[in-house]
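Quick note: numbers below take in every heavy atom, side chains included, and nothing from hydrogens, waters or symmetry partners. Sequence lines set the chain letters: A, B, ... in the order given, protein chains first and strands last, and positions in each chain run from 1.
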There are 2 protein chains.
Amino acid sequence: MSTRIQILDAGEQLARARGLEAFSYADLEKAVGIRKASIHHHFKSKADLALALIERYSERFADALRDIEDAHVTPQERLRAFTGLYRDALAGGEQVCLCVAFAAGRESLPGTVALATRSFQEMALAWLEVTFNELNTPEFPDDPQDEAAAFLALLEGAQIMARGASDPALFDAAIRPFIRRLGVTGLKA
Amino acid sequence: MSTRIQILDAGEQLARARGLEAFSYADLEKAVGIRKASIHHHFKSKADLALALIERYSERFADALRDIEDAHVTPQERLRAFTGLYRDALAGGEQVCLCVAFAAGRESLPGTVALATRSFQEMALAWLEVTFNELNTPEFPDDPQDEAAAFLALLEGAQIMARGASDPALFDAAIRPFIRRLGVTGLKA
DNA sequence: GTCTATACATGGATAGAC
DNA sequence: GTCTATCCATGTATAGAC
């Protein structure tokens, strides 16, 4: 695995567990095992690193959405799989989605990073809107745009809650009513 | 207004807009108009300040919940009012709830602050659980504990989403389906 | 690509005068 | 309670050798 990727991996883990401002090149030095100056060789500034982090995260997320589309046909199944992405991102209650970590401290983000974070969110919302649009059932009667926003908010908030208590069970509890509503719908369809 | 309170106000605003690690005593110095050393006189360490912030926030929140109970009788009205607390805390899309800001970077919090943040969340969940328990309607058939977790996650996530885009309209969109479900219920009751 | 060395600013924090 | 002055660690970043 290339050094560059090792740095990205360590940076992502730290950003998602602590927040972008709460880790330093010294932390990366320890995590990766090379000197700070070498980290700077790969990422000239911390803003560059942050941008690379959210861009890689976006690409991977887009891939994951394509995988969901390939593996699942019904909107119910796709939404359940989407939930799984956020559940996995919790990492046992020790991390949140990078987008959540960045959005929380938005005012301290470099401009390009703030924009990329916003794009990530828009990608997620757009995908969900399409999916809720296909889910034409009485349990979700609202504007698909609103249902998409409500669902993404639920998942992001469930991560924050679980993170606050370092307890993934809170994520599961928060998601349960939605999953049940979805399940009932699935049986009807 | 006492200096101590001015410091708390400035610190809360900065923590909720940027995150705890992303502001310094120098920022407070500018905001309050006294020297760093004077800030240290009021709050010996940044951990002390952070703890004071979340404790004051908790007290105010408990007061707000009591006010809601005084002003509203039905669980529907109380939940709508609760939503208003989180909508107001958005501050035009430029801030999130202090609990959300702290929870997001949990690993970098002093131990006492992490505990107090968790307590805040538990207070909110307990109050919501009681309220959902009273709301005995077909639209919310799940365990009140799960409904409470789902609702708090929705509100916290809606804040994060709105913050990510600096756009309170995203909060409103995310909340709309819940409000509608609640409204229909209210008419039936 | 990685290192040592270093620059330079900032961060949290303290001493002691007023 | 506030100030000036200062300490020392840390943070980001660069120069230049290997």
Side-chain angles (χ1 to χ4, degrees), chain A residues 1-56 101-102 105-114 116, chain B residues 1-56 98 101-102 104-114 116:
Chain A
M1 185 169 41
S2 81
T3 303
R4 183 187 163 87
I5 289 177
Q6 281 181 274
I7 297 169
L8 285 169
D9 288 345
E12 182 179 316
Q13 190 268 319
L14 288 163
R16 290 171 56 187
R18 300 188 195 171
L20 182 63
E21 309 290 330
F23 77 90
S24 68
Y25 275 69
D27 294 312
L28 294 172
E29 170 173 310
K30 282 173 220 149
V32 180
I34 60 175
R35 299 277 131 196
K36 282 189 287 180
S38 308
I39 315 263
H40 276 285
H41 172 76
H42 294 279
F43 300 97
K44 209 160 105 93
S45 73
K46 206 178 173 188
D48 288 336
L49 172 60
L51 186 60
L53 284 177
I54 188 67
E55 284 179 343
R56 185 180 73 153
F102 278 9
R106 193 188 172 285
E107 192 169 312
S108 58
L109 293 179
T112 54
V113 179
Chain B
M1 185 169 41
S2 81
T3 304
R4 184 188 162 86
I5 290 178
Q6 282 181 274
I7 297 168
L8 285 169
D9 288 346
E12 182 179 317
Q13 190 268 320
L14 287 164
R16 290 171 56 188
R18 301 186 195 171
L20 182 63
E21 308 291 330
F23 77 91
S24 68
Y25 274 69
D27 294 312
L28 294 172
E29 171 173 310
K30 282 172 220 149
V32 179
I34 60 176
R35 299 278 132 197
K36 279 192 291 179
S38 309
I39 316 262
H40 276 286
H41 171 77
H42 294 278
F43 300 96
K44 211 161 104 99
S45 73
K46 205 179 174 187
D48 289 336
L49 172 60
L51 186 60
L53 284 177
I54 188 68
E55 284 178 342
R56 185 180 73 151
L98 187 64
F102 278 8
R106 193 187 171 285
E107 192 169 310
S108 58
L109 293 180
T112 53
V113 179

Mind checking what makes side-chain hydrogen bond (donor to acceptor under 3.5 Å, both in side chains) contact with A/S45, not counting sequence neighbours?
A/D48

Only counting residues at least two apart or in another chain, list the ones meeting side-chain hydrogen bond (donor to acceptor under 3.5 Å, both in side chains) with A/R35.
A/E29

Just distance, no hydrogens or angles: give the donor-acceptor pairs under 3.5 Å from side chains in residues 36-43 of chain B, sequence neighbours left out.
residue, atom, partner, partner atom, Å
B/H40, ND1, B/K44, O, 3.1

Interatomic spacing from NZ in B/K46 to CD in B/E21 - rounded to 0.5 Å:
5.5 Å

Nearest 0.5 Å, what's the CG-NZ distance between A/L14 and A/K30?
10.0 Å

To the nearest Å, how far apart are A/F43 CZ and D/dT14 P?
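A/F43 atom CZ is separated from D/dT14 atom P by 15 Å.
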
Whole Å only: how far is the CZ atom of A/R18 from the P atom of D/dT10?
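Rounding to the nearest Å, CZ of A/R18 and P of D/dT10 are 13 Å apart.
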
Could you tell me which residues satisfy salt bridge (charged side-chain N to carboxylate O under 4.0 Å, His left out) with B/R106, sequence neighbours excluded, listed by chain and number?
none

Using a heavy-atom cut-off of 4.0 Å to chain B, what are the terminal contacting nucleotides of DNA chain C, in 5' to 3' order?
C/dG11 to C/dA15

If you look at every heavy atom in A/V32 and A/I7, which pair is closest and at what distance?
CG2-CA, 3.9 Å

Which parts of residues 27-42 of chain B get close to DNA chain C, meaning a heavy atom less than 4.0 angstrom away?
B/K36, B/A37, B/H40

Side chain proximity check, A/I5 to A/R56, heavy atoms < 4.5 angstrom
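The answer is yes, as the side chains (C-beta and beyond) meet within the 4.5 Å cut-off.
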
